[in-house]
Structure formats: C-alpha cells, structure tokens
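One structure is given here, and the rest of the page talks about it.
Only heavy atoms go into these numbers, but all of them, side chains included; no hydrogens, no water, no symmetry mates. These numbers were taken from a predicted model, which means no experiment stands behind them.
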Amino acid sequence: MKLRGQVPKEGPTREVSASRTLERVTPLLRTVGVSRVADITWLDRVGIPVHNAIVPRSHDLLSVYNGKGRTHDDARVSAIMEAVERFAAWQPRTPDVVASHAELVAAGRPVLDPADHNLALGHAYRPDLPISWTLGHDLLGDEPVLVPLCLAGYYIRFHEAQCFSISTTNGLASGNSVEEAVCHALCEVIERDALTMADLVSNRLAHMVRDRLGASAPAGAVVALEDSNPSVAPESLPRSARWFAERFEEAGLSVTLRDITSSIGIPSFAAMVGEDIAETFSPSHSGYGTHPDAEVAVVRALTELAQSRAVDIQGMREDISLPGDEIGNWRHHVSRAGDLDRSVWPWRESAAPLRFDEVSSFPSEDVMDDVELMLGRLRDNGLERAIVVDRTPPGFPVHVVRVIVPGLESWSIDQSRLGGRAGARWEAALRLTTRRAGVGR
C-alpha cells in the first residue's frame with residue numbers, strides 16, 4: 001500500500017467538503033441497504049444536528065447508524081459513512097492464507113501474533129491451529145503483514161472459530177480516500193487508548209485510593225490522580241467549539257470537559273453532561289474526540305455528546321440497555337448509566353482548570369501531515385506496527401480501512417484485556433501516590 005505524499009484538505013478534516021462527499025455516497029444507499037436517513041436532531045432540545053442511517057437487513061449487531069456535525073449535511077454524511085463502514089467490514093473475504101501462526105513464523109512470513117493484540121484470545125484459539133489470514137500493510141515498518149481475517153473486519157457470524165473472544169469496530173473508518181480513512185482510523189485507536197488510560201488512573205485508581213484509605217489517604221493524592229486528566233475551562237474554548245458548548249448551555253445543560261490526552265500526545269477530550277429525567281433515561285451522557293488539531297478534537301467530543309443524547313432519547317439502537325440490565329462487559333460503554341456522583345472524576349472541576357490554549361495542538365492543511373504526526377508519535381511511544389487493511393468494496397467512490405495498532409489500549413470500550421501500556425501507567429501512578437504517602441513498596 002502506497003499512501004500519497006500530500007492530501008490537501010477542504011475543511012478541517014476531509015479531502016473534499018461534506019456536500020461533495022454527500023454527492024459521492026448518496027448513490028451507495030441502495031447497495032449498502034440504507035432504507036432511510038432520518039433527522040433526529042429535534043428529539044433533543046440541544047439543537048446540534050444528529051442523523052440516523054437505517055439498514056433493516058444489516059449483517060451486524062446494529063441496524064441503526066448515527067452521525068453528527070455542525071450542519072445537517074455534516075450529520076447526514078457522518079451517518080451514511082458509518083453505514084458504509086459497517087457494510088464494508090462484514091463483507092465476506094477470501095483468505096490470503098490459511099495456516100497456523102506457528103507455521104507462518106517458521107516460514108519467515110511477517111505476521112501479527114494474536115497474543116500481541118489487546119483483545120482477549122478466544123477459548124478455541126491455539127497458535128498451532130490453522131486460521132484464516134489476510135494481508136495488511138504496516139505503515140511503520142513499510143511491509144506487508146498477515147493479520148487474522150476476523151480482526152481485519154467486523155463479523156458477528158464467521159466461518160470459523162474467531163481467535164479473539166469478542167469482535168469490535170475499533171480502528172474501522174471511512175473517508176473520501178484511503179489516506180483520509182487512515183487518518184480517521186488512527187484518531188479512533190489513539191482516542192480509545194487515551195480514554196482507557198484516563199479511566200484507569202483518574203477514575204478507577206482514584207476510587208481505589210479513596211475507598212481503601214479514606215481519611216488516611218495522603219493529602220491531595222486523590223485530587224492529583226483525578227487532575228492528571230484536568231478539566232478544561234469552557235469559557236476558554238475557541239469560537240468554533242464555543243458554538244457547540246453554547247447549544248448545551250442554552251438548553252440548561254452544564255458541560256464538563258476533560259483533557260484526556262495520553263503520552264502519545266495527540267489532543268484528546270471527553271465531554272459530559274448530566275440530567276435526571278426518568279428512571280429509564282441515562283442520567284449522564286458523554287462524547288469523545290481525538291485529532292492532531294485540538295480544536296477539531298474538542299468539537300468531535302461535543303458533537304458526539306449531542307449524538308449520544310439524541311440516540312438515547314430515540315432508543316432504537318439495539319445495543320442500548322436499561323440501567324441495571326445484565327449485559328456483556330463489552331457493551332457497558334453504550335449501556336444507560338445508573339446513579340451519578342458529581343463529587344468525583346470526571347464531574348468534579350479541577351482545582352485549576354486548564355485553559356484551552358494551554359493544550360498542545362498541531363493544526364495542518366494536509367491529511368498526510370496529520371497521519372505522519374500520529375505515526376511518529378506511535379513510534380516514539382514504542383509501538384512497532386500500525387497495520388492498515390483496505391476494506392473498500394470494488395467500485396466504491398469512498399474508501400474503508402481497518403487500522404490495527406498492537407499495544408494500544410481499548411479496555412474502557414471493550415473491557416476485554418489490559419496490555420503493557422495500561423499496566424505501566426497504573427504502576428507509575430501508584431508509585432507516585434505511594435511516595436506522597438511516604439510508604440515504601
């Protein structure tokens with residue numbers, strides 16, 4: 001796979017405008033199985049555009065896909081492109097190789113070891129048993145790499161026992177070009193990694209220290225853990241992001257923003273609102289966003305927050321559950337929450353909220369500048385592979401890829417497996433807390 005050296009942007013993230021993208025994807029609706037694209041903005045009082053693309057005969061867990069944006073064209077394109085992604089991801093694909101991992105290693109073939117990926121292995125998988133593989137391209141090593149076919153797509157039903165215990169869409173993305181799709185996919189896998197790190201330290205470790213040590217906890221230890229992912233002062237947001245924040249404020253909803261940027265250093269944000277309406281409605285909603293341009297990242301978080309509210313109100317997504325329902329761990333990130341404690345992270349405001357202009361940002365006018373920056377940051381953090389599998393169906397005017405970065409964390413989304421980066425982050429935060437307490441380990 002050879003990416004172009006330059007891909008000038010038309011707008012903040014896309015190679016062409018939303019209106020031109022809409023022209024390209026609208027003829028695909030029948031092929032993809034979209035029976036209706038619905039405007040659900042009006043279901044909520046916030047007013048940020050949110051649309052559905054409905055696929056009644058989807059071969060997926062879902063048949064309702066969602067999109068959001070500043071304009072209705074943005075939201076419509078976003079919803080259709082998600083439907084296109086999922087359609088492309090479940091298409092049957094002939095394996096390039098059927099062999100065991102051990103056989104491929106012995107033959108000297110570059111191959112992704114399933115055990116290196118941060119998903120729990122399936123009970124039926126063994127490295128000496130043959131499975132289906134497909135070719136991807138490692139952007140960091142610039143070489144073809146075989147990856148498990150089940151990981152390269154998104155299959156609810158597969159022709160053989162999958163080597164992982166669950167199937168996820170992490171790193172699945174679409175775009176007007178392969179380069180644009182790769183950029184979106186890299187943002188997503190980095191976002192899930194950042195969210196996992198923030199959740200582990202600012203949420204779970206802070207709770208553990210508070211619950212186990214109580215009054216004997218070292219002074220400021222819990223606050224320090226929580227504020228390692230600080231709140232962002234909403235009044236400091238740039239004009240484009242302020243427009244979205246004001247839509248929530250005018251609806252009587254106070255937005256909580258957190259900077260969850262990880263050691264990879266690509267700006268990442270979480271946006272939350274809380275509202276107690278009914279027992280069957282989640283008391284809190286969240287949105288997340290990652291992009292080299294911090295302004296794009298925070299707008300993504302705010303628009304996803306609006307989408308999560310509208311979609312919850314609509315109640316059509318098959319993976320949304322009621323508070324208290326028994327569900328698989330991998331569905332907790334879309335389940336309706338129970339009680340909301342505003343005194344703890346992420347709701348509690350930091351002692352010294354971060355101003356938006358204090359967040360590192362890397363705006364550019366070229367998609368490939370964004371891609372190269374993210375690849376460089378992955379390499380600097382010891383990540384050795386960023387594998388791209390092209391999932392674009394023949395003849396499609398837009399492109400779909402799956403990006404796989406072994407070693408990046410995704411536990412806060414799938415609750416499948418924690419890897420080395422998460423363990424190192426937890427240990428470092430725990431050591432710092434212990435030193436504050438003056439206790440040896």
Side-chain angles (χ1 to χ4, degrees), residues 118 120 189-233 256-272 274 284 286 288-290 294 297 301 329 332-333 337-356 358-360 377-378 380-383 407-441:
N118 282 356
V189 295
I190 291 171
E191 174 191 297
R192 269 69 187 283
D193 178 82
L195 175 58
T196 298
M197 298 299 196
D199 181 25
L200 285 176
V201 173
S202 291
N203 180 24
R204 297 176 189 273
L205 182 55
H207 270 86
M208 188 185 80
V209 171
R210 181 188 296 107
D211 294 344
R212 293 191 180 183
L213 299 182
S216 64
V222 172
V223 170
L225 289 169
E226 291 185 340
D227 286 356
S228 61
N229 295 107
S231 58
V232 179
T256 299
L257 280 173
R258 286 275 175 174
D259 176 8
I260 60 169
T261 306
S262 71
S263 63
I264 293 173
I266 302 301
S268 302
F269 297 92
M272 289 77 59
S284 64
S286 58
Y288 308 96
T290 294
N329 287 343
H332 278 297
H333 73 288
D339 295 334
L340 174 61
D341 183 354
R342 293 180 179 272
S343 68
V344 297
W345 194 91
W347 302 97
R348 180 192 58 77
E349 185 175 281
S350 297
L354 194 68
R355 288 191 55 80
F356 186 81
E358 297 177 78
V359 178
S360 296
R377 291 300 177 87
L378 293 175
D380 292 346
N381 277 262
L383 296 155
L408 281 187
E409 306 287 348
S410 59
W411 185 85
S412 285
I413 295 296
D414 54 55
Q415 296 197 11
S416 180
R417 177 186 173 201
L418 286 168
R421 276 174 54 76
R425 180 73 182 96
W426 177 277
E427 286 295 324
L430 193 56
R431 282 195 300 270
L432 183 59
T433 302
T434 303
R435 281 202 297 271
R436 284 196 176 98
V439 179
R441 293 190 64 207

Open item on the list: Taking Ser262's backbone N and O only, do any of them form a donor-acceptor pair with Arg425's side chain (distance below 3.5 Å, no angle check)?
Closed with: no

TODO: For residues Glu226 and Val222, determine if any side-chain heavy atom of one lies less than 4.5 Å from a side-chain heavy atom of the other.
DONE: yes

Task: Main-chain N/O of Arg258 paired with Ser231 side-chain donor or acceptor, under 3.5 Å - done: no

Task: Residues Arg348, Asp227: salt bridge by 4.0 Å N-O rule - done: yes

Open item on the list: Given 3.5 Å as the limit, does a donor-acceptor pair link the side chain of Glu409 with the main chain of Thr196, or not?
Closed with: no

Task: Exam field: side chain Ser268 to backbone Thr261, donor-acceptor pair closer than 3.5 Å - done: no

Task: pair Arg192-Asp414: side-chain heavy atoms closer than 4.5 Å - done: no

TODO: Would you indicate whether the side-chain heavy atoms of Leu205 and Met208 approach each other to under 4.5 Å?
DONE: yes

- [ ] Could you tell me whether a side-chain N or O of Trp411 sits under 3.5 Å from a main-chain N or O of Leu418, the two making a donor and an acceptor?
- [x] no

TODO: Indicate yes or no for a side-chain donor-acceptor contact from Ser416 to the backbone of Ala120 under 3.5 Å, with no hydrogens or angles considered.
DONE: yes

Task: Taking every non-hydrogen atom, the tightest pair across Phe269 and Ala294 - done: CE1-O, 3.6 Å

- [ ] Locate the shortest heavy-atom distance separating Trp347 from Met272; write the atom from each residue and the value.
- [x] CH2-CB, 3.4 Å

- [ ] Please name the pair of heavy atoms, one in Leu257 and one in Ala271, separated by the smallest distance, quoted to 0.1 Å.
- [x] CD2-CB, 3.6 Å

Open item on the list: In the structure I gave you, are the side-chain heavy atoms of Asn118 and Leu408 within less than 4.5 Å of one another anywhere?
Closed with: no

Task: Heavy-atom check, side chain of Arg421 versus side chain of Asn381, under 4.5 Å - done: yes

- [ ] Taking all non-hydrogen atoms of both residues into account, name the closest pair between Thr256 and Pro346 and its distance.
- [x] CG2-O, 3.2 Å

